[in-house]
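Keep in mind the model is a prediction, meaning the values are calculated, not measured. The basis for the numbers below is simple: all heavy atoms, side chains too, and nothing from hydrogens, waters or symmetry mates.
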Amino acid sequence: MLNLFFRKNFYDGWDNVMFFFVPNLILDFAVIIFTALCIPGVTVFRDAQWYLFVWIELAFILTAVISTVALAWAEISKKIADYETYEIREFFKILPSCIADGIKFGSSIFVIMIILALSIKFFFFPDGENQTVTLAGLTAGAVYCWVSLSAIMILSWYPALRAEQHKSYFVSIKKCAIIFLDNLPVSIIISIYDLFQCLVSIIMLGVAPGVAGLTLSRANALRLLLKKYDYIDELQKNGTRASSYKIPWEEILKDDLEANPVRGFKEFWMPWKSE
């Protein structure tokens, strides 16, 4: 399953990389505005405590904007993953309908990041002469960090799941947790892959793969994982016990394997000469 995921996701990203520029450049512009607004706080108001609250508010707004764009592009990513055609104007039509869930999604991420930052600061880098790093503190800090990272990995499924099912926010988050826990090794591997994409995005200044590439990878992963659940549902209809489940990935992913054969040099750089 993972071999097909990496291959399909790379092919889909390569074939649609020019369209990635649209959401990614929008977010680059948002980051530039955020940075421009924060610079006065560093140079002029660095001793004013109230300006910290301005930074927090700006960071929250930026997170909400990124989340909204991610949810809108997840709708396009689903079409790409499903081999459907799309027009870039669809992204702008979908965008307003994603604002409410984007704020909820962004708020969740923002709160988790604040908790994670405070946990690291409090348990690993305590201030004051009478505050020292202790084994109990390190243990508690490690627990907070792992819980926060797990919550982030759960939330990372949300854009793709929302595009797939369009359920309410909290119902979708519950399903994200189920997908994460039921496919823990796959979720961790894909999260590491997404971290790699984030590093590449930083090098590429957010142009590629960026948020567009991250949402596409989750859309492709969810598409493949949902076929497992379709297979399990079919077994349940036939009265097969849960203990007998063994997923025949090559069988249930046959169509996707045929649609994504291994490409050679010509297929990538000169597709008109591939035949």
Are more than 12 heavy atoms, taken from residues, nucleotides or ligands other than Phe92, located less than 6.0 Å from that residue's CZ atom? yes
Closest non-hydrogen contact found for Lys8 with Ile80 is NZ-O, 4.2 Å
State, with a plain yes or no, whether a side-chain heavy atom of Ile26 is found less than 4.5 Å away from one of Phe91. yes
Heavy-atom donor-acceptor pair, Asp182 side chain to Ile178 backbone, under 3.5 Å: no
Could you state the interatomic distance from CG (Leu37) to CD (Glu57), rounded to the nearest 0.5 Å? 12.0 Å
Apply side chain to side chain contact (heavy atoms under 4.5 Å, CB included) to residues Trp73 and Ile76 and explain how you reach the verdict. CA-CA 5 Å; Trp73 190 256; Ile76 304 300; 3.9 Å; yes
Are any of the side-chain nitrogens in Arg263 or Asp15 under 4.0 Å away from the carboxylate oxygens of its partner? yes
Side chains of Ile190 and Met153: closer than 4.5 Å at any heavy-atom pair? no
Is the shortest heavy-atom distance from the side chain of Leu225 to the side chain of Met1 under 4.5 Å? yes
Is the Tyr144-Phe122 ring centre distance short of 6.0 angstrom? no
Before accepting this row, confirm whether a basic side-chain N of the pair Lys78/Asp82 lies closer than 4.0 Å to the acidic partner's carboxylate O. yes
Spell out, as yes or no, whether a donor-acceptor pair under 3.5 Å connects the side chain of Glu90 to the backbone of Glu87. yes
Quick one: closest heavy-atom pair of Ile173 and Ile154, and the distance? O-CG2, 4.2 Å
Side chain to side chain, Cys145 and Leu116, heavy atoms closer than 4.5 Å: yes
ILVMFWY cluster, Leu222 and Ile192 together (side-chain gap under 4.5 Å): yes
Using side-chain heavy atoms (C-beta onward) and a distance below 4.5 Å, is Pro209 in contact with Val200? yes
Can you hop from Leu27 to Ile33 via hydrophobic side chains spaced under 4.5 Å? yes
How long is the gap from CD1 on Ile252 to CD1 on Ile232, to the nearest 0.5 Å? 8.5 Å
For Phe180, enumerate each residue passing the ring pair (Phe, Tyr, Trp, His ring centres under 6.0 Å) test, keeping only those at least two apart in sequence or located in another chain. none
Closest non-hydrogen atoms of Pro159 and Ala70, given as atom of the first, atom of the second and distance, are CB-O, 4.4 Å
Euclidean distance, Ile247 CD1 relative to Leu253 CG, rounded to 0.5 Å: 10.0 Å
Over all atoms of both residues, closest heavy-atom pair of Gly102 and Thr68: CA-OG1, 3.6 Å
Answer yes or no: is there a side-chain heavy-atom contact under 4.5 Å between Ile152 and Ile109? no
Would a distance-only check, ignoring hydrogens and angles, find a side-chain to backbone donor-acceptor pair under 3.5 Å from Asp12 to Leu216? no
Interatomic distance, Glu75 atom CD to Glu164 atom CD [nearest 0.5 angstrom]: 10.0 Å
Looking at Ser201 and Gly210, would you say the former's side chain and the latter's main chain have a donor-acceptor pair under 3.5 Å? yes
So how far is it from Ile179 CD1 to Leu184 CG, rounded to the nearest 0.5 Å? 13.5 Å
Group every Ile, Leu, Val, Met, Phe, Trp and Tyr by side-chain heavy-atom contacts under 4.5 Å, then state whether Ile114 and Val65 land in the same group. yes
Using a distance-only test with no angle check, is there a side-chain donor-acceptor pair under 3.5 angstrom linking Arg223 and Ser77? no
Is there a chain of hydrophobic side chains (I, L, V, M, F, W, Y, each step under 4.5 Å between heavy atoms) that links Leu155 to Phe170? yes
Verify whether one side chain among Tyr83 and Asn260 offers a donor that lies under 3.5 Å from an acceptor in the other. yes
Give me each pair satisfying ring-ring contact (aromatic ring centres under 6.0 Å, His included) with a member in residues 205-230, each pair once, sequence neighbours excluded. none
Could you tell me whether Tyr169 and Tyr158 have their ring centroids closer than 6.0 angstrom? yes
For the side chain of Tyr231 and the backbone of Glu251, is there at least one donor-acceptor N/O pair under 3.5 Å apart? no
Where do Phe34 and Ala59 come nearest, in terms of heavy atoms and distance? CE1-N, 3.5 Å
Ring-ring centroid check Tyr193 Phe5, cutoff 6.0 Å: yes
Any link between Val186 and Leu214 through a network of hydrophobic side chains (Ile, Leu, Val, Met, Phe, Trp, Tyr) touching at under 4.5 Å? no
Any donor-acceptor pair under 3.5 Å from Asp256 side chain to Leu224 backbone: no
Residues Ser217 and Asp194: side-chain donor-acceptor under 3.5 angstrom: yes
Does Glu250, at its CD atom, have more than 12 non-hydrogen atoms belonging to other residues, nucleotides or ligands within less than 6.0 Å? no
How long is the straight-line distance from CZ of Arg162 back to NZ of Lys104, given to the nearest 0.5 Å? 9.5 Å
Of all the heavy-atom pairs spanning Ser187 and Arg218, show the shortest one and how long it is. O-NH2, 4.4 Å
Which is it for Phe124 and Ser119 under the side chain to side chain contact (heavy atoms under 4.5 Å, CB included) test, yes or no, and what are the steps along the way? CA-CA 8 Å; Phe124 296 103; Ser119 299; over 6 Å; no
So Val207 and Phe21, do their side chains get closer than 4.5 Å, heavy atoms only? yes
Less than 4.5 Å apart, side chain to side chain, heavy atoms only: is that true for Phe110 and Ser67? no
